[in-house]
> 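Take a look at the following structure, please.
Every chain is numbered from 1, with letters handed out A, B, ... down the list of sequences.
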Number of protein chains: 2
Amino acid sequence: MTKRSSSITIRDVAREAGVSVATVSRYLNQNAPVSEKLADRIQRVMDELDYIPQETARHLALRRKNAIGLLLTNMHNDFFGPLLAGIETIVRSEGYNLLVATCRPELQTDSYLPLGGHNTDGLLVFANSLGDEQIAQLSERGFPLVLIHKTPAEGVSVPFVTVENKAATRKLVDHLITAHGRRRILLMRGPEQQEDSYWREVGYRAALADHGIAFDEALTLRGSFEREVAYAALKTFLVDAQHPLFDAVFAGDDDAAVGVYEALKEAGLRIPEDVSVVGFDDSRMSPFLMPPLTTVRAPTEAVGSSAARQLFCLLEGETPELETLHPTDIVLRRSCGCAT
Amino acid sequence: MTKRSSSITIRDVAREAGVSVATVSRYLNQNAPVSEKLADRIQRVMDELDYIPQETARHLALRRKNAIGLLLTNMHNDFFGPLLAGIETIVRSEGYNLLVATCRPELQTDSYLPLGGHNTDGLLVFANSLGDEQIAQLSERGFPLVLIHKTPAEGVSVPFVTVENKAATRKLVDHLITAHGRRRILLMRGPEQQEDSYWREVGYRAALADHGIAFDEALTLRGSFEREVAYAALKTFLVDAQHPLFDAVFAGDDDAAVGVYEALKEAGLRIPEDVSVVGFDDSRMSPFLMPPLTTVRAPTEAVGSSAARQLFCLLEGETPELETLHPTDIVLRRSCGCAT
DNA sequence: ACCGCTTACGTAACCGGTTACATTATGGCA
DNA sequence: TGCCATAATGTAACCGGTTACGTAAGCGGT
């Protein structure tokens, strides 16, 4: 009772039970037969001593950490809740631990990674939390990796799971044009060099092209998929007297859309009467925003869980899906101009 | 290059550099002087061999895991984003890893904990992710623990950090009564046995008492701080023809408030004209809901970071604050009836 | 009675680091 | 010149598990 549990080892148990450490270990792992008589005795002694196997020792002996890591770019987006939930479910069901860290390669000088082979058996890498070179390096060393919302660079073969960006965005922008007669649609870009950003822009441009509308760089802002950034960007855009007029905003994602809402409201512009606003993700709150946000439904929790599943395929030597693309579709609410 | 990095040990480095493992270790940890000549040689060899120290071996030798754990009840609430962000910042700055898991003692039979002394050096325990007995047990063993949004049971001395619940709730409900003339205020309770639930109810009752309004059990629902649960509860409440009329809802938290919004709208009830709605937390989206949600501002990210800080106090042998109570205050928006 | 095979268990090496202690080299001082 | 304090390095035990290998007992078949 008063004994520090940390000091009780498998040898203590073995001694008290009058057996060898091997037998105790075998009993613990159930990986070799142990007679019932000894099993009982061992169990009794373990209870008595409050024995808890030290995982670290186990890890060292087995050369695995029983943990997988999740690298995120930040945590200030409601997008990450569902993602984490999806991942955690799978990870737990496999009996693994989940390490979480944020990381932005462009912000740090040294090559130190918070998560990697030194503390995990495999990594889930979200978007740009790692650079292409870092991914290639890990992959070359045979370290199990799966990418989330990012495709690997040319030549590196790493499973990835993401969502369909382009078609849905195109459809959404097309809706703005076709259904609501919008023609000057502001593009709120996502983070630089980010893949979702890229494909959403491609979809946006395609929709414009479909209707013979010229792409206008002046109608372009950097929203970074972050509410505050989007807010600030649009705010400065609006104070600039020279700015071209616009009648709609594709916000990049739902979080940025909220920043857009904020800036528009402060400028006295009504949504959707004066300007339509649309997002991407269909985060939990978007149906309840004022007005309800027209957006693209992305199955974020499913993305998380299938990414985790692919990683476990790798860990268990099965061959994973190299590419998992979750479908998306637009959901029309009031912010684009549709009736409730 | 083609060598598996996993097979390179400190002994390899030592041999190649013509020094002892002790010297390499000392150079790595900078905890004892190493001559410049050898240091250079060691560094060169490490670069050449792509040597990465195996953390698990280190953990075993040092008898610490260099990781802290966070136990959550679930991840489907926007509340957890800021909480995690606050924690992660501190954890990273201390050079530790962060393990995250969900856990509900009432839902599981065995006493197995996903996080504990076997894989972490200390634990952040959110609300009811652990039962009182489990907390007491861990605490007795001297395992570093800090509670979040929960106070320890009588007699167990564990640091905790939470927010002021009662006074703010009382003030908010008082506002409904005084400023908006509401008298039949529905109470959407939080999770059973949960402390925030309890104190918010106490605040609610106190406000009623202040105005001589009798507490009415019939005006009471279980919302569990979850949107879906709150929605379902209110939904069935509303179809029941016998139900007493009400003119306001204290939703328990912002997430539940959204569920309340949903159910009310479907019932054709206008917010705030027909019924006022108020929440708790001031989550990121609440200013942007339709209508903007009157609520209580709780510094969730600060709660996370100060909890983590207390835990590191424990780990480093300093004496932590036993009790950290973050102040809260009401923020008035339109859902209660106030003008924008 | 003897052989071979299976089953239950013990011994000791091993995983890859840290570190107490021993050892050697160096410099200051009487 | 001899002696001691000090600094730099090496040796080997240790952290707490797992497991290859060896051994003894039990059992069936001829």
Side-chain angles (χ1 to χ4, degrees), chain A residues 3-43 45-46 49-67 95 97 116-121, chain B residues 3-43 45-46 49-67 95 97 116-121:
Chain A
K3 264 202 172 176
R4 305 301 304 273
S5 68
S6 59
S7 62
I8 298 179
T9 78
I10 198 174
R11 282 167 237 270
D12 296 325
V13 174
R15 184 170 8 81
E16 289 301 311
V19 301
S20 73
V21 291
T23 305
V24 177
S25 173
R26 286 192 271 252
Y27 170 68
L28 273 171
N29 300 44
Q30 307 280 338
N31 53 9
V34 171
S35 72
E36 211 159 314
K37 186 203 302 200
L38 291 192
D40 289 350
R41 211 150 76 207
I42 292 171
Q43 184 58 57
V45 172
M46 294 201 318
L49 297 183
D50 244 8
Y51 170 67
I52 298 172
Q54 203 64 22
E55 276 198 17
T56 50
R58 186 159 210 275
H59 297 335
L60 178 55
L62 294 177
R63 260 149 301 175
R64 55 167 235 186
K65 290 87 190 170
N66 203 241
N97 289 132
H118 51 294
N119 51 14
T120 58
D121 299 315
Chain B
K3 265 201 173 178
R4 306 301 303 273
S5 69
S6 60
S7 62
I8 297 178
T9 78
I10 198 173
R11 280 166 238 269
D12 297 324
V13 175
R15 183 168 12 79
E16 289 301 309
V19 301
S20 73
V21 292
T23 305
V24 176
S25 173
R26 286 192 270 253
Y27 170 68
L28 272 171
N29 301 46
Q30 307 280 339
N31 54 9
V34 172
S35 73
E36 209 158 317
K37 187 204 300 199
L38 291 192
D40 289 349
R41 213 150 75 206
I42 292 171
Q43 183 60 56
V45 171
M46 293 202 318
L49 297 184
D50 245 6
Y51 170 67
I52 298 173
Q54 203 64 21
E55 276 198 17
T56 49
R58 185 159 211 275
H59 297 336
L60 178 56
L62 294 177
R63 259 148 303 173
R64 53 167 236 185
K65 291 89 190 169
N66 203 242
N97 289 132
H118 51 293
N119 51 15
T120 58
D121 300 315

> Taking atom P of C:dT19 as reference, at what distance in whole Å does atom CG of B:L28 sit?
12 Å
> Rounded to the nearest 0.5 Å, how far apart are NZ of A:K65 and CG of A:N97?
13.5 Å
> Let me know the distance between NE2 of A:H59 and C1' of D:dC15, rounded to the nearest Å.
15 Å
> Look at A:N31 and D:dT19 and indicate whether a side-chain polar atom (N or O) is within less than 4.0 Å of OP1 or OP2.
yes
> Are side-chain heavy atoms of A:V19 and A:R26 found at a separation under 4.5 Å?
no
> Under 4.0 Å: is that the gap between some side-chain N or O of B:Y51 and OP1 or OP2 of C:dG17?
yes
> Report the distance from atom CG of A:N66 to atom C1' of D:dT18, rounded to the nearest whole Å.
15 Å
> Taking only side-chain N and O atoms of A:N29, does any of them lie within less than 4.0 angstrom of OP1 or OP2 on D:dT18?
yes
> Measure CD/A:Q30 against P/D:dT19 and give the value in whole Å, please.
14 Å
> A:I10 has an atom CD1; how far is it from atom C1' of C:dC9, in whole Å?
14 Å
> Any idea which heavy atoms bring B:V45 and B:V13 closest together, and the distance?
CG1-O, 3.8 Å
> If you check the A:A22 side chain, which of D:dG17, D:dT19, C:dG17 turns out closest?
D:dT19
> In terms of side-chain heavy atoms of A:V21, which of D:dT18, C:dG17, C:dT19 is nearest?
D:dT18
> Using the 3.5 Å cut-off, write out each protein N or O paired with an N or O of nucleotides 6-9 of chain D and the distance between them.
| residue | atom | partner | partner atom | Å |
| --- | --- | --- | --- | --- |
| D:dT9 | OP1 | B:S35 | OG | 2.5 |
| D:dT9 | OP2 | B:S35 | N | 2.6 |

> Without decimals, in angstroms, what is the distance between B:R11 CZ and D:dA13 P?
12 Å
> Tell me the interatomic distance from A:L62, atom CG, to D:dC15, atom P, rounded to whole angstroms.
19 Å
> Can you identify which nucleotide, out of D:dG17, C:dG16, C:dG17, has its nearest atom closest to the B:P53 side chain?
C:dG17
> Identify the two heavy atoms, one from B:A57 and one from A:L60, that lie closest to each other, and give their separation to 0.1 Å.
CB-CD1, 3.8 Å
> Rounded to the nearest 0.5 Å, how far apart are CD1 of A:I10 and OG1 of A:T23?
9.5 Å
> CD of A:Q30: more than 12 outside heavy atoms within 6.0 angstrom?
yes
> Does B:R58 make a side-chain donor-acceptor contact with the base of C:dG16, cut-off 3.5 Å?
no
> Rounding to an integer number of Å, can you tell me how far A:Q54 CD sits from D:dG17 P?
6 Å
> Looking only at heavy atoms, what is the nearest atom pair of B:Y51 and B:T9, with distance?
CE1-C, 3.6 Å
